[in-house]
Amino acid sequence: MTRRTWGVATLCVAALCSAVMAGEFDPAVDGWYFSNWGEEEPYCVESCDLSWELYRRAYLGINPTHNCVQAPLDCAFYEVFKNCGEGGNCGGMSLLALALFKYGGYMGFCSPANFYTGTKSPDREDLHQTINILQARQFSASGVEHFLDLVAAGDLNNAERAFSEVKEYLAKGDYPVLSIANSFWGGDDAHTVIPYRVEEYSGMKVMYIWDPNNPYDADPGHYADGSTANKLIIHSAQNWTYTSGIAPNQTVYSGSGWDGAWCFAVPMSRILPKARHPMAFDVLNDTLLKVFVSGPGATLVQIAGDQGARVFRPTSGDAPAVREWETDDAVRLQDVFRWPWGPAQRDSEDTAELFFIVRSQADDTSLTFTIRGTQYKTLFQTAGELIWVESESEAVATDILRLSGTGSAASLEVSTQGEERALSVRRYRSGNGPGDWHLVDVAHLVVTQGITIVHGDLASSGT
């Protein structure tokens with residue numbers, strides 16, 4: 001690769017002129033010179049875990065310091081955020097490339113994107129961190145709401161809808177990114193690309209793709225005239241294919257799979273601006289329960305309903321923490337969605353998990369959460385209500401947390417299959433105004449085998 005030496009001032013003037021006359025996104029110019037990277041050595045800036053300061057730059061309203069008493073939900077979502085670039089920064093690369101193409105410059109960087117050098121990850125630390133920030137903005141409250149809306153409509157894997165929306169967004173100048181994966185649970189193959197042109201033929205639709213895994217300079221043949229490599233081919237809503245990466249490190253994407261895969265478009269206006277994160281107190285959704293689990297060695301073994309419906313299929317009595325997703329619709333607990341942008345399985349003992357469960361305020365059925373480990377944190381959050389549980393013991397044990405009801409009428413029962421558990425439970429409930437929150441904090445509870453602790457209705461409790 002050759003290094004550009006143009007003057008930045010000259011470049012920015014040219015970029016602003018080209019933005020006014022913007023035509024079609026050009027992979028050779030508007031795509032990055034470097035390829036996609038994951039936050040792992042030797043490609044990290046400082047720590048491979050993204051910093052709290054970077055977190056504050058990514059989302060609105062983050063507490064100034066990493067203080068989990070002052071800002072429990074900021075702390076909770078930070079456990080998810082700090083690993084959001086672990087599998088790659090394709091979303092951040094795509095969003096910033098589109099912003100430079102549309103506006104001529106963004107967050108201190110100028111068009112064209114291929115001015116900035118690097119091989120795997122950018123050479124510049126400030127550009128590296130800016131892409132980290134935009135990678136995280138895919139996962140803002142509005143980005144997650146868009147994802148859940150698609151799930152509710154049954155269109156998470158609808159390439160026909162994605163094509164129609166990409167065509168519309170391109171015409172409006174609200175340039176989209178396209179999310180693809182081979183499984184509903186995302187896992188290591190979840191990927192974000194830029195669809196920059198669409199074509200329709202009899203029985204087939206085509207989206208032209210710029211791919212962060214295929215920088216033009218390293219793989220010009222991928223984008224050559226007549227190439228089929230940079231095309232996502234659609235024959236029907238679930239019959240689509242695309243291949244990403246440079247051989248031999250390639251991933252073939254398709255719409256097959258029991259849980260439907262992904263193929264959906266998101267306009268840049270939805271996820272580019274700075275916004276709240278999805279676990280913030282003021283992100284209210286009466287139909288959504290958010291469940292967060294973290295801790296060294298802790299595993300959410302099962303989520304089950306009153307009638308035996310479950311999220312995971314047991315695989316081994318000797319290894320209860322090993323999970324497989326339940327694929328039988330007659331048994332699978334419906335309307336439960338795992339944070340979709342992380343590994344399909346917890347690949348390390350420090351990986352946090354976030355689940356979204358659709359429940360109405362009138363739904364008072366119980367849900368049971370089975371958690372195994374020595375220590376863990378679990379949060380249950382609905383509109384106006386938060387229950388935070390911290391548990392620890394000297395040995396690995398399995399606990400059962402049973403959540404009944406919703407809102408201020410919710411109650412939590414905790415029991416353990418171990419000899420003894422030390423618990424603390426904090427409960428936040430909204431008051432009359434946006435900043436009016438009431439807290440009940442119960443510490444140093446001890447749960448022994450055969451004894452159940454009930455944390456019930458706090459509507460009349462102190463603050």
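Both backbone and side-chain heavy atoms feed into the values below; hydrogens, waters and symmetry mates do not. In this chain, numbering begins with 1 at the start of the sequence shown. Worth saying up front: this structure is predicted, and the values here are computed from it rather than measured.
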For [X], check side chain to side chain donor-acceptor pair (under 3.5 Å) against everything at least two apart and list the hits.
{"X": "Asp219", "answer": "Asn214"}
{"X": "Ser393", "answer": "Arg421"}
{"X": "Ser140", "answer": "Ser142"}
{"X": "Ser269", "answer": "Asp174"}

Any side-chain heavy atom of [X] sitting closer than 4.5 Å to one from [Y]?
{"X": "Lys290", "Y": "Phe356", "value": "yes"}
{"X": "Phe109", "Y": "Leu127", "value": "yes"}
{"X": "Val447", "Y": "Asp399", "value": "no"}
{"X": "Ile400", "Y": "Val414", "value": "no"}
{"X": "Tyr242", "Y": "Leu178", "value": "no"}
{"X": "Leu289", "Y": "Leu367", "value": "yes"}
{"X": "Gln135", "Y": "Phe139", "value": "yes"}
{"X": "Tyr175", "Y": "Phe25", "value": "no"}

If we ignore hydrogens and angles and just use 3.5 Å, is the side chain of [X] paired with the main-chain N or O of [Y] as donor and acceptor?
{"X": "Gln250", "Y": "Gly245", "value": "yes"}
{"X": "Asn67", "Y": "Gln70", "value": "yes"}
{"X": "Arg372", "Y": "Thr299", "value": "no"}
{"X": "Trp32", "Y": "Met93", "value": "yes"}
{"X": "Asn83", "Y": "Glu86", "value": "no"}
{"X": "Gln381", "Y": "Met279", "value": "yes"}
{"X": "Trp262", "Y": "Asn182", "value": "no"}

**Item:** Criterion side chain to side chain contact (heavy atoms under 4.5 Å, CB included) on Leu96 and Tyr116, from CA distance to verdict
**Value:** CA-CA 12 Å; Leu96 188 54; Tyr116 299 96; over 6 Å; no
Answer yes if the side chains of [X] and [Y] hold a donor-acceptor pair under 3.5 Å, and no otherwise.
{"X": "Thr192", "Y": "Gln138", "answer": "yes"}
{"X": "Asp211", "Y": "Asn230", "answer": "no"}
{"X": "Asp189", "Y": "Thr251", "answer": "no"}

**Asked** So, for Tyr196 and Phe101, is the gap between ring centers shorter than 6.0 Å?
**Response** no
For the residue pair [X] and [Y], what are the closest heavy atoms and their distance?
{"X": "Pro176", "Y": "Leu98", "answer": "O-CD1, 3.4 Å"}
{"X": "Met207", "Y": "Pro195", "answer": "SD-CB, 4.1 Å"}
{"X": "Gly143", "Y": "Ile271", "answer": "CA-CG2, 3.8 Å"}
{"X": "Asp30", "Y": "Ser111", "answer": "OD1-OG, 4.3 Å"}
{"X": "Leu60", "Y": "Arg276", "answer": "O-NH1, 2.7 Å"}
{"X": "Asn36", "Y": "Lys120", "answer": "O-NZ, 3.1 Å"}

Atom [atom1] of [X] and atom [atom2] of [Y]: how far apart are they, to the nearest 0.5 Å?
{"X": "Thr416", "Y": "Ile371", "atom1": "OG1", "atom2": "CD1", "answer": "11.0 Å"}
{"X": "Ile133", "Y": "Arg56", "atom1": "CD1", "atom2": "CZ", "answer": "12.0 Å"}
{"X": "Arg57", "Y": "Ser51", "atom1": "CZ", "atom2": "OG", "answer": "8.5 Å"}
{"X": "Asn157", "Y": "Leu150", "atom1": "CG", "atom2": "CG", "answer": "11.0 Å"}
{"X": "Ile131", "Y": "Phe34", "atom1": "CD1", "atom2": "CZ", "answer": "4.0 Å"}
{"X": "Glu390", "Y": "Gln375", "atom1": "CD", "atom2": "CD", "answer": "9.0 Å"}

**Prompt:** Taking it one step at a time, do Asn132 and Glu39 satisfy side chain to side chain contact (heavy atoms under 4.5 Å, CB included)?
**Reply:** CA-CA 9 Å; Asn132 288 156; Glu39 295 302 317; 3.0 Å; yes
**Message:** Taking ring-ring contact (aromatic ring centres under 6.0 Å, His included) as the cut-off, I'd like each qualifying pair that reaches into residues 35-59, sequence neighbours left out, listed once.
**Reply:** Trp37-His128, Trp52-Tyr55, Trp52-His66, Trp52-Tyr78, Tyr55-Tyr59, Tyr55-Tyr78, Tyr55-Phe81, Tyr59-Phe77
**Request:** Kindly assign one of parallel, tilted or perpendicular to the pair His191 and Tyr253, based on the angle between their ring planes and the thresholds 30° and 60°.
**Result:** parallel
**Request:** Indicate the ring-plane relationship of Phe355 and Trp325, choosing parallel, tilted or perpendicular according to the 30° and 60° boundaries.
**Result:** tilted
**Message:** Against Phe380, only a single residue in Phe369, Trp388, Phe292 fulfils ring-ring contact (aromatic ring centres under 6.0 Å, His included); can you say which?
**Reply:** Phe369
**ring-ring contact (aromatic ring centres under 6.0 Å, His included) assessment of Phe337 paired with Phe147** = CA-CA 10 Å; Phe337 313 107; Phe147 181 88; 7.6 Å; no
**Item:** CD/Glu394: more than 12 non-hydrogen atoms of other groups inside 6.0 Å
**Value:** no
**Prompt:** Is the CD atom of Gln334 crowded by more than 12 outside heavy atoms at less than 6.0 Å?
**Reply:** yes
**Prompt:** Is any NZ, NE, NH1 or NH2 atom of the basic residue among Asp306 and Arg402 found under 4.0 Å from an Asp or Glu carboxylate oxygen of the other?
**Reply:** yes
**Message:** Could you go through Asp217 and Asn114, starting from their C-alpha distance and side-chain angles, then the distance that decides it, and tell me whether this counts as side chain to side chain contact (heavy atoms under 4.5 Å, CB included)?
**Reply:** CA-CA 9 Å; Asp217 187 77; Asn114 78 336; over 6 Å; no
**Complete:** For Tyr169, the ring-ring contact (aromatic ring centres under 6.0 Å, His included) test, sequence neighbours excluded, returns none
